[in-house]
Amino acid sequence: MRVYMILMIVIACVLPARAADVPGSKDHPLIKRYADSELYAYTEAAFDEYFLMVEPAANYGGKDKNLESTQALQGRVTERSYGLAAGRSTLEVFQNYRNELQAAGFTMIWECSNVTCGGRNFNHAVISSGGFAENYEDQRYLAARLPRTEGDLYVSLYVVRNYSVGGPTKNTIHVRLDTIELAPMESRMITVDAEAMTKSLGEDGHIALYGILFDTDKAIVKAESQPALQEIARLMASDPNMTLWVVGHTDNQGSAEYNQDLSSRRARAVVDALVKQFGVAPGRLQAAGVGFLAPVASNEREEGRALNRRVELVR
């Protein structure tokens, strides 16, 4: 389950009078803020999905209306909104941030301004409501990437000027800076022991295991899977007559054919590990893959997809 630290929930249609940074917020250590700006909204998720805009927005609405224009990412997602008083241009603020990113080693993926971003469609894809929605004639955007051994860092930078609402916020600048630090989801699933496997196989005929891990799009069993494999081997040793299907399951990211093949290869990798590392007789295990055809949760969100990516034992 994703857990958000939400320090400011609702942004009014225009910025309020200048105040101190929202409590608990902080700049990213690799990216300085523009001088005299204040961080008025901040959200952070230890692991979530993020759709990075990498093409003009063709459709009106949020990013879910423009998925063909995005690159899907997963990892630590932090969204920061900065406010800056009038007197600066979006170009000046944008170029300062761009220079900062380049100096830090980022590579630009895509840049746009005003109508080249997709005009009003893009404004509503990045800021669907509140904040500086409906201000799209003076907007600038870039997506950038910094390769890192601990996980690549992506940036979504959106700079826009409020020209549509009068009063003290007229011509103020809004900066939306999102950072996505790629990382695998932390495994929070408890390894099922042999006794629990025996009970579920006896009562239900199958059991889902989440302690057998693979890298994305890979079929090599990771070293962290050893405790789960040991329990399966112990299960097999406890009943010499037991035979099992090892069934691979995936989420729905990618084609049916691709996921069918991936799930089959992963199931085969588990069987091979049990045979080669733990001495289970080959004839007692059969590998099969069903791709995403047997979900246990919705594939619409990452929480559900994480549950669907599993290995099942079937008696």
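Count residues from 1 along the sequence. As the structure is a computational prediction, the values presented were derived from the model and not from experiment.
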Worksheet item: Between Thr179 and Arg80, do the side chains contain an N or O donor and an N or O acceptor separated by less than 3.5 Å?
Response: yes

Worksheet item: Is any NZ, NE, NH1 or NH2 atom of the basic residue among Arg120 and Glu134 found under 4.0 Å from an Asp or Glu carboxylate oxygen of the other?
Response: yes

Worksheet item: Are Tyr60 and His124 close enough that their ring centres sit under 6.0 Å apart?
Response: yes

Worksheet item: Distance-only, no hydrogens or angles: does the Asn114 side chain make a donor-acceptor pair with backbone N or O of Gln139 under 3.5 Å?
Response: yes

Discussion item. Would a single hydrophobic cluster contain both Phe51 and Tyr154, if residues Ile, Leu, Val, Met, Phe, Trp and Tyr are joined by side-chain heavy-atom contacts under 4.5 Å?
Written reply: no

Worksheet item: Any side-chain heavy-atom pair from Leu30 and Leu146 closer than 4.5 angstrom?
Response: yes

Worksheet item: Salt-bridged, Glu49 to Arg305, with N to O below 4.0 Å?
Response: yes

Fill in: Flag side-chain contact, heavy atom, 4.5 Å: Pro295 against Asn299
yes

Worksheet item: For the residue pair Tyr163 and Tyr136, does the interplanar ring angle fall in the parallel (under 30°), tilted (30 to 60°) or perpendicular (over 60°) class?
Response: perpendicular

Discussion item. Quick one: does any side-chain atom of Tyr97 pair with a main-chain N or O of Tyr34 as donor and acceptor, under 3.5 Å?
Written reply: yes

Worksheet item: Do Leu177 and Ile31 come close enough that some side-chain heavy atom pair is under 4.5 Å?
Response: yes

Item to complete: Determine whether Val290 and Val247 make a side-chain contact, defined as any pair of heavy atoms from C-beta on separated by less than 4.5 Å.
Response: yes

Worksheet item: For the residue pair Arg140 and Thr90, what are the closest heavy atoms and their distance?
Response: NE-OG1, 3.0 Å

Worksheet item: Okay, side chain of Glu312, backbone of Gly248: is any donor-acceptor separation there less than 3.5 Å?
Response: no

Per-pair distances, 0.1 Å, donor-acceptor, side chain in residues 266-279, under 3.5 Å, sequence neighbours excluded:
unit_1: Arg266; atom_1: NE; unit_2: Lys218; atom_2: O; d: 2.7
unit_1: Arg266; atom_1: NH2; unit_2: Asp215; atom_2: O; d: 3.1
unit_1: Arg266; atom_1: NH2; unit_2: Lys218; atom_2: O; d: 3.1
unit_1: Gln277; atom_1: OE1; unit_2: Gln226; atom_2: NE2; d: 3.0

Discussion item. Looking at Glu195 and Lys199, is any side-chain nitrogen of the basic one under 4.0 Å from a carboxylate oxygen of the acidic one?
Written reply: no

Worksheet item: Looking only at atom types and distance, does a side-chain atom of Ser225 sit under 3.5 Å from a main-chain N or O of Val221, one as donor and one as acceptor?
Response: no

Worksheet item: Do Tyr42 and Glu44 have side-chain atoms, one donor and one acceptor, less than 3.5 Å apart?
Response: yes

Discussion item. Assess whether a salt bridge exists between Glu111 and Arg98, defined as any Lys/Arg side-chain N lying under 4.0 Å from an Asp/Glu carboxylate O.
Written reply: yes

Worksheet item: Considering all heavy atoms of both residues, which atom of Leu307 and which atom of Ala297 are nearest to each other, and what is their separation?
Response: CD1-CB, 4.0 Å

Fill in: Any donor-acceptor N or O pair under 3.5 Å, side chains Thr243, Arg284
no

Fill in: Arg315 and Asp204: CA distance, side-chain angles, deciding distance, salt bridge (Lys or Arg N to Asp or Glu O under 4.0 Å) verdict
CA-CA 9 Å; Arg315 190 153 195 173; Asp204 305 320; over 6 Å; no

Worksheet item: Within the distance-only criterion (no hydrogens, no angle test), does the side chain of Ser200 pair as donor or acceptor with the backbone N or O of Met197 below 3.5 angstrom?
Response: no

Practice prompt. Is it possible for you to say whether Val246 and Met242 belong to one hydrophobic cluster, with membership spreading through side-chain heavy-atom contacts below 4.5 Å?
Written response: yes

Response to the item:
For Lys170 and Ala86, the nearest pair of non-hydrogen atoms, with its separation, is O-CB, 3.8 Å

Discussion item. Is it the case that the ring center of Tyr82 lies less than 6.0 angstrom away from the ring center of Tyr40?
Written reply: no

Worksheet item: Does Asp138 reach the main-chain N or O of Val160 with its side chain, forming a donor-acceptor pair under 3.5 Å?
Response: no

Worksheet entry | Same apolar cluster (I L V M F W Y, side chains within < 4.5 Å links), Val314/Val311 | no

Fill in: Close side-chain approach of Ile232 to Arg234, heavy-atom, < 4.5 Å
no

Practice prompt. Without swapping roles, check the side chain of Ser298 against the backbone of Glu300 for a donor-acceptor pair under 3.5 Å.
Written response: yes

Item to complete: Check whether any side-chain heavy atom of Leu142 lies under 4.5 Å from a side-chain heavy atom of Trp110, and answer yes or no.
Response: no

Discussion item. Does any part of the side chain of Val155, heavy atoms only, come nearer than 4.5 Å to the side chain of Leu101, both counted from C-beta?
Written reply: yes

Practice prompt. Using atom types as modelled and distance alone, determine if a side-chain donor or acceptor of Ser25 lies under 3.5 Å from a backbone N or O of Asp21.
Written response: no

Discussion item. Can a side-chain donor-acceptor contact be found between Asn171 and Arg161 if the only test is distance below 3.5 angstrom?
Written reply: yes

Fill in: Side chains of Tyr50 and Asp178, donor plus acceptor under 3.5 Å
yes

Worksheet item: Under 4.5 Å between any side-chain heavy atoms of Ser156 and Tyr141, yes or no?
Response: yes

